[in-house]
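Residue numbers count from 1 along this sequence.
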Amino acid sequence: MRADVAVIGGGPAGLAAAVAAKQAGAGRVLIIERDVRLGGILPQCIHTGFGVKWFGEELTGPEYAGRFVRQTRDVGVESMLETMVLEIASGRGKGRAPEPETGTGTSSLQLCVLALSPHEGLVTVECGAIVLAMGCRERPRGALAIPGTRPAGIFTAGTAQRLVNIEGVLPGRRAVILGSGDVGLIMARRLTLEGVKVEAVVEIMTYPGGLARNIQQCLRDFHIPLYLGHTVSRIHGRDRLEGVSVAPVDDAWVPIAEKEWFIPCDTLLLSVGLIPENELSAACGIELDPATGGPIVTDEMETSVPGIFACGNVVHVHDLVDHVTEDGMVAGAAAAARAAGRAGAGAGAGAGAGTGAVAGAGAGAGAGDESRRTLGEIRPGLNVRYVVPQRFVQGGERSGGGRTLTMSLRPSRPAEDVVLEVSAAGKVLRRQRKERVRPGEMLQVSVDRRVFPSERGAVVTVSMVDQ
């Protein structure tokens, strides 16, 4: 089987990437999705708040997904459902893919995807470019050091959301939520509306992990207490959860035992962080950023392996689906250009994360414009935990068009009246004032590409400084 662009994952990022690839001129675009339907996590997100930026109106998750699913059909994107990707490899390097035939519409079939489907069996997809859009997963109880037994009644927030919204089953009648991530906050409201008593939301940090609007709409509006600087210190119950002990933590995040108290409950939801799904990325040699857990990408969303792009929550965890969609659009357009042999740049493999090395051109860059093959580096500076993209193409415009380069970042601490400062070689490229920033809310800053340094291997730094 052959495709110009193969998109792995049919969630909001993958759907946007597939549509953009088609609109950019790719011949055959194929979405490979392991679930029984397209949409990713969106079908179980029945609350509103999606699409305000992208569509200019509030939609539910199913409505947002439905619009993009219809777009994929309208532009002729194909999909393989219930299909699990096993491996990504260079076709010639692994000996799986034969030499490309003429007239396929794909200029260079250098990559192949090995997948397993109950309908098609073992399938090899030869393609000119790949977009990774596998999303992220929740951190489970096994990642937490909470003493106690392993009774029934402990769920991740996303699992509980699926039980309630898709399966029509309540996880319990009296709940405590550990962690103040957005899914947990939304489930606090959802369970309350279904008649479940939500006793408390407990957050180990001294600030909430979710969006401010969700703190207001999901907790304060329903009078659900939020305990900051606290954690669940012990789980009680043998066959079924009977309750949890909650305690404040010290500066080292260790529970203060003498101050703990008991909350009776039969359900504990965990909303303690999301992890980008990057086992597949690591297996094919893509360079990962330890700060995000996702691939290091250029402003065209190309990874360190030429021809493989990544977008959405597989790169870093986003707050809003609209930003995920924007990532997908950039990645899809750039992947189409790569497949057609007109890509402007390739992120060369071999630059180690954290070493300060800047990669050169990757094999297969088609245009022959040397300046477009040079990559600069974007680094987090003072009070910034990470910034994406981590590299930028020097010279010319990106494949998606436009001269503006938008960077997404997370502050490392809450702050008020600060300035986001983008600088290079001691020169300030952009300053943007922010009244309030929190690690739970992603920030974006856009800079005109024409002011970016053109020196080979240039470094741009994004910092958060006081007024």
Side-chain angles (χ1 to χ4, degrees), residues 137-165 167 169-212 214-275 414 438-440:
R137 66 176 184 270
E138 295 179 283
R139 199 180 302 275
R141 182 192 170 181
L144 307 175
I146 303 178
T149 51
R150 302 185 67 84
I154 303 175
F155 306 88
T156 62
T159 299
Q161 186 181 57
R162 181 177 180 86
L163 285 174
V164 176
N165 295 344
E167 309 295 338
V169 177
L170 287 179
R173 290 293 179 182
R174 197 172 183 183
V176 170
I177 299 175
L178 175 60
S180 58
D182 287 310
V183 182
L185 298 177
I186 289 165
M187 283 309 297
R189 176 180 62 186
R190 186 74 180 94
L191 291 176
T192 300
L193 292 173
E194 290 295 336
V196 177
K197 173 63 174 174
V198 179
E199 298 289 349
V201 174
V202 182
E203 169 59 57
I204 195 170
M205 304 300 290
T206 56
Y207 50 84
L211 296 172
N214 286 333
I215 297 295
Q216 180 63 49
Q217 296 172 5
C218 300
L219 298 187
R220 292 174 184 158
D221 287 357
F222 291 89
H223 308 291
I224 298 171
L226 170 63
Y227 295 98
L228 298 174
H230 287 69
T231 190
V232 171
S233 56
R234 185 170 296 275
I235 290 170
H236 302 274
R238 184 174 179 84
D239 297 323
R240 176 76 192 193
L241 183 67
E242 297 174 0
V244 297
S245 293
V246 173
V249 297
D250 59 21
D251 293 340
W253 297 345
V254 176
I256 304 173
E258 57 269 24
K259 295 185 178 181
E260 74 177 14
W261 75 95
F262 178 77
I263 300 179
C265 61
D266 61 8
T267 304
L268 174 65
L269 300 192
L270 305 178
S271 181
V272 290
L274 300 169
I275 307 167
R438 296 193 300 116

**Q** Taking only residues at least two apart or on different chains, which pairs with a member in residues 249-264 satisfy side-chain hydrogen bond (donor to acceptor under 3.5 Å, both in side chains)?
**A** Ser233-Glu260

**Q** Which pair of heavy atoms, one from Arg190 and one from Asn165, lies closest together, and at what distance?
**A** NE-OD1, 2.7 Å

**Q** Considering only residues two or more places apart or on different chains, which pairs with a residue in residues 139-157 satisfy salt bridge (charged side-chain N to carboxylate O under 4.0 Å, His left out)?
**A** none

**Q** List the atom of Gly184, the atom of Ile177, and the distance in Å for their closest heavy-atom pair.
**A**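 Where Gly184 meets Ile177 most closely, the heavy atoms are O-CD1, 3.4 Å.
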
**Q** For Gln161 and Ile186: C-alpha separation, side-chain torsions, deciding distance, then whether side-chain contact (heavy atoms from CB on, under 4.5 Å) applies.
**A** CA-CA 9 Å; Gln161 186 181 57; Ile186 289 165; 4.3 Å; yes

**Q** Which pairs with one or both residues in residues 169-189 pass salt bridge (charged side-chain N to carboxylate O under 4.0 Å, His left out), sequence neighbours excluded?
**A**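 Pairs touching residues 169-189 that pass the test: Arg174-Glu199.
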
**Q** Tell me the salt bridge (charged side-chain N to carboxylate O under 4.0 Å, His left out) pairs involving residues 229-242, sequence neighbours left out?
**A**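 For residues 229-242, and leaving out neighbouring residues, there are no salt bridge (charged side-chain N to carboxylate O under 4.0 Å, His left out) pairs at all.
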
**Q** Are Met205 and Leu228 close enough that some pair of their side-chain heavy atoms sits under 4.5 Å apart?
**A**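 When only atoms from C-beta onward are counted, Leu228 and Met205 do not touch, as no gap falls below 4.5 Å.
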
**Q** Check whether any side-chain heavy atom of Val201 lies under 4.5 Å from a side-chain heavy atom of Pro225, and answer yes or no.
**A** no

**Q** Just do the side-chain contact (heavy atoms from CB on, under 4.5 Å) check on His230 and Ile204 with the steps written out, would you?
**A** CA-CA 5 Å; His230 287 69; Ile204 195 170; over 6 Å; no

**Q** Specify the closest pair of heavy atoms between Ile263 and Ala200, including all atoms of both residues, with the distance to one decimal.
**A**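 Distance-wise, the nearest heavy atoms are CD1-CB, 4.3 Å.
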
**Q** Which atom names give the shortest non-hydrogen contact between Gly440 and Leu211, and what distance separates them?
**A** O-CD2, 4.2 Å

**Q** Do you know which two heavy atoms are closest between Leu269 and Ala160, and how far apart they sit?
**A** CD2-CB, 3.6 Å

**Q** Determine whether a donor-acceptor pair (N or O, by modelled atom type, separation under 3.5 Å) exists between the side chain of Glu203 and the backbone of Ser180.
**A**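 Looks like yes, one N/O pair under 3.5 Å.
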
**Q** Can Leu268 and Ile235 be said to form a side-chain contact (heavy atoms from CB on, under 4.5 Å), step by step?
**A** CA-CA 9 Å; Leu268 174 65; Ile235 290 170; 4.2 Å; yes

**Q** Do Val249 and Ile256 have side-chain heavy atoms sitting under 4.5 Å apart?
**A**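 No - every pair of side-chain heavy atoms lies 4.5 Å or more apart.
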
**Q** With Glu167, which residues qualify under salt bridge (Lys or Arg N to Asp or Glu O under 4.0 Å), at least two apart?
**A** Arg162

**Q** Can you check whether Pro414 reaches Pro439 side chain to side chain, under 4.5 Å on heavy atoms?
**A**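 Result yes, sub-4.5 Å side-chain heavy-atom pair found.
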
**Q** Considering residues at least two apart in sequence or located in another chain, which fulfil the side-chain hydrogen bond (donor to acceptor under 3.5 Å, both in side chains) criterion with Asp266?
**A**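 Applying side-chain hydrogen bond (donor to acceptor under 3.5 Å, both in side chains) to Asp266 gives none.
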
**Q** Once side-chain hydrogen bond (donor to acceptor under 3.5 Å, both in side chains) is applied, do any residues pair with Ser271, and if so which ones, sequence neighbours excluded?
**A**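 If we apply the side-chain hydrogen bond (donor to acceptor under 3.5 Å, both in side chains) test to Ser271, skipping adjacent residues, there are no hits.
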
**Q** If you compare all heavy atoms of Cys265 against all heavy atoms of Val176, which two are closest, and at what distance to 0.1 Å?
**A** SG-CG2, 3.9 Å

**Q** Taking only residues two or more places apart in sequence, or in another chain, which ones meet Ala175 in a side-chain contact (heavy atoms from CB on, under 4.5 Å)?
**A** Leu191, Val196, Thr267

**Q** Is there a side-chain contact between Phe262 and Val244, using heavy atoms and a 4.5 Å cut-off?
**A**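 Result no, sub-4.5 Å side-chain heavy-atom pair not found.
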
**Q** If we only count heavy atoms from C-beta on, is the Leu178 to Leu144 side-chain gap below 4.5 Å?
**A** yes

**Q** Which residue pairs pass the side-chain hydrogen bond (donor to acceptor under 3.5 Å, both in side chains) test when at least one of the two sits in residues 151-160, sequence neighbours left out?
**A** Glu138-Thr156, Thr156-Thr159

**Q** Does the side chain of Leu185 come within less than 4.5 Å of Ile215's, by heavy atoms?
**A**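 Answer yes - side chains close enough.
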
**Q** Between Thr231 and Val246, is any pair of side-chain heavy atoms under 4.5 Å apart?
**A** no

